[in-house]
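Just below is one structure, and these are the notes that go with it.
Fair warning: this is a prediction, and the values are worked out from it, not measured in the lab. Per chain, numbering begins at 1; letters A, B, ... match sequence-line order.
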Amino acid sequence: MVSGNVAELLCLLRHCNTLRSVTQVHTHIFKTGLDSDAFITGNLILHCATLISDALHHAFSLLLHSPNPDAFMYNTVIRGFSDSDHPHNSFTTFIDMRRNSNNLQPDSFSFAFSLKAAANIRSYNTGIQLHSQAILYGLHNHLYVGTTLVSMYAECGWICHARKVFEEMFEPNVVAWNAMITACMRCYDVKGAETLYKQMQVRDIHSSNIMLSGYMKSGEVHLAMKLFSEMPLKDDVSWSTMITGFSHNECFNEAFDFFLQSHKLGSKPNEVSLTGILSVCTQSGEFQFSKILHCYLEKSGFVSRSSITNALMDTYFKSGNINMGRLVFEKMPGKKNLVSWTTMVTGIAMQGYGKEAMELFHQMVDSGVKPDGIAFISILYACSHAGLIEHGCKYFSMMKNEYGIEPSYEHYGCMVDLYGRSGELKKAYEFIMKMPIEANDVIWRTLLGACGIHGDVELGEEVRRRLLEVDPNDSGDCVLLSNMYASVGKWKDVAGVRQMMDSQGLMKTPGWSVSEVS
DNA sequence: TTAGGGTTAG
């Protein structure tokens, strides 16, 4: 009778796709007294942690309130956290498992999931500690643990450790070999990956897809095309890898060609190939094609996927169609995620609507979405392009003090641009001198451009000296330099720059012409 | 009894 109830409950659970429906089943479980059954609780936790979005906290709560949690429950929560926005919680759960429970030992699942969390946050220190623990428990040679160790070390940039683990593996299978090829490609060791690929006794379609993606990421477009043509079997991942690879390497015609070919050959477009081809439309300016794609996306239902909507918004904003970009954003089903908000803020900011971008940024925060470093780049960009210096400074300090985000070169660059565009050149210079990291060429060039716009030759020459200290071979700023001299009518100096460029053979640089100003 | 590692985008 009891086993019949269990089967019935599991069947009910399988049909739940919201936290609300799971809670209803849970209430029923409680009423029937089956909540003390570890198998039932384990399945409840599994369902919440892996199958329903936004239910991980509930899975964690079930674990905490379980009178006798077992390894399966702990492992499932560790797994859920490893793929969440808070992978660190995997480690605290791993520690809790050993401290709070009666003689519970971590097993291969505990290590594989925790190592995945370490890989996701690229934490070498945590990864190596887990590796030591795995050795203590005699699980470092386990096939799944070994494979995850290879991936973890590669994600953290320690290819030598990844290789050592792989070489010490006892009879690695095709997945372990694929993990090692991926590790080589992650570290841009294309030759190493090729050697392994050739050595493989058994390959599957993943092996070839990893090679395709690695070639494309390393700019080896022709090698990817050659391998693709030799592949006896291609799946939708092979096609989308090629399309996105062409997109990254700016081979727009090839991307369109492959997209249409895959369609003709009956391979269905997926989320990745569609975001890829939308990006190609944006980069190449093929906005008519993106409109056709929009119709298809509406009809096929792909428009409900946030990655697709974000790419579509980006295309509309970059084509200057603000109203359509805004409409796509407003029609997005469900809760808008961080990428959607950031795409919207950037899109509006690009068109110069600084105040609206700020309103959107606050709406995002009010809706419970926490901004990341990229979101702050977009709002700083909005402020600099709308001349909102005070607001820009406020966001910059908010980022550091309220959100604990360390500014990157991009953030510093935005601040220099913010001061520079508004003509506060001295402040921009002082800001650079006070930066805790040494300014790079991009930051100096940003200020040099501003000196040109506002005609401050004295500061511009100082900036040029600083720029040459960072990059003695730099020549990309000649246009900025000659523009600066031209803006104050120093034609002799313009001619000087022209002569310098002549002597360095730079006169063929596209996009500039001294004759236009002289 | 319930689970896992390797590929494509953002």
Side-chain angles (χ1 to χ4, degrees), chain A residues 3 6-7 9-10 13-14 37-47 49-51 70-80 82-83 107-116 119 142-152 154-155 162 165-166 169 172-186 196 200 203-217 224 234-248 269-280 305-314 337-340 342-343 372 374:
Chain A
S3 63
V6 170
L9 279 170
L10 288 183
L13 194 59
R14 267 195 290 275
D37 186 314
F39 182 67
I40 290 277
T41 311
N43 272 289
L44 260 175
I45 293 178
L46 177 67
H47 206 82
T50 61
L51 295 169
D70 59 19
F72 178 84
M73 297 179 200
Y74 272 104
N75 291 343
T76 308
V77 171
I78 294 172
R79 177 190 173 191
S82 76
D83 276 327
D107 58 16
S108 63
F109 289 91
S110 329
F111 281 105
F113 297 142
S114 303
L115 283 165
K116 185 77 192 296
H142 186 280
L143 186 59
Y144 283 57
V145 177
T147 308
T148 327
L149 275 168
V150 169
S151 304
M152 181 276 294
E155 283 297 325
V165 171
F166 177 71
M169 276 176 89
N173 63 2
V174 66
V175 181
W177 277 84
N178 287 346
M180 192 59 226
I181 297 180
T182 308
C184 290
M185 288 300 198
R186 282 260 187 279
L196 285 166
M200 282 178 87
R203 291 180 199 139
D204 60 11
I205 196 154
H206 295 281
S207 323
S208 309
N209 287 343
I210 294 164
M211 291 301 292
L212 290 181
S213 132
Y215 281 142
M216 284 298 200
K217 279 180 186 156
K234 289 139 183 141
D235 62 4
D236 62 331
V237 174
S238 323
W239 284 102
S240 28
T241 304
M242 291 303 285
I243 293 163
T244 52
F246 285 134
S247 165
H248 289 149
N270 61 18
E271 208 172 329
V272 180
S273 65
L274 288 164
T275 50
I277 204 69
L278 277 169
S279 165
V280 172
R305 310 276 180 96
S306 68
S307 64
I308 296 273
T309 326
N310 297 340
L312 199 56
M313 277 161 59
D314 191 45
N337 65 22
L338 176 62
V339 181
S340 314
T342 309
T343 311
D372 66 355
I374 300 170

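Put simply, A/Phe39 does not rest on the base of B/dT2: the two rings are not both less than 5.5 Å apart at their centres and under 30° in tilt. Aromatic stacking of A/Phe72 on B/dA3: not satisfied for centres closer than 5.5 Å together with planes under 30 degrees. Here A/Phe113 does not lie in a stacked arrangement on the base of B/dG4, lacking the combination of planes under 30° and ring centres under 5.5 Å apart.
Here A/Phe72 pairs with nothing under the ring pair (Phe, Tyr, Trp, His ring centres under 6.0 Å) rule; sequence neighbours left out. With sequence neighbours excluded, the residues forming a side-chain contact (heavy atoms from CB on, under 4.5 Å) with A/Val174 are A/Asn178, A/Met200, A/Asp204, A/Ser207, listed by chain and number.
Atom CG of A/Leu51 and atom C1' of B/dT2 are 12 Å apart (whole Å). Straight-line distance from the CH2 atom of A/Trp239 to the C1' atom of B/dT8: 14 Å, rounded to whole Å. Rounding to whole angstrom units, CD of residue A/Glu155 and C1' of B/dT7 are separated by 13 Å. A straight line from NE2 of A/His142 to C1' of B/dG4 spans 9 Å, rounded to a whole angstrom.
Of the side-chain N and O atoms in A/Arg14, none sit less than 4.0 angstrom from OP1 or OP2 of B/dT2.
Here A/Asn43 lies in heavy-atom contact (under 4.0 Å) with a base.
One N or O donor and one acceptor, one from the side chain of A/Thr147 and one from the base of B/dG5, sit under 3.5 Å apart. Residue A/Asn173 places a side-chain atom within donor-acceptor reach of the base of B/dG5, judged by atom type and a 3.5 Å distance cut-off alone. Between the side chain of A/Thr241 and the base of B/dT8, no donor-acceptor pair under 3.5 Å is found.
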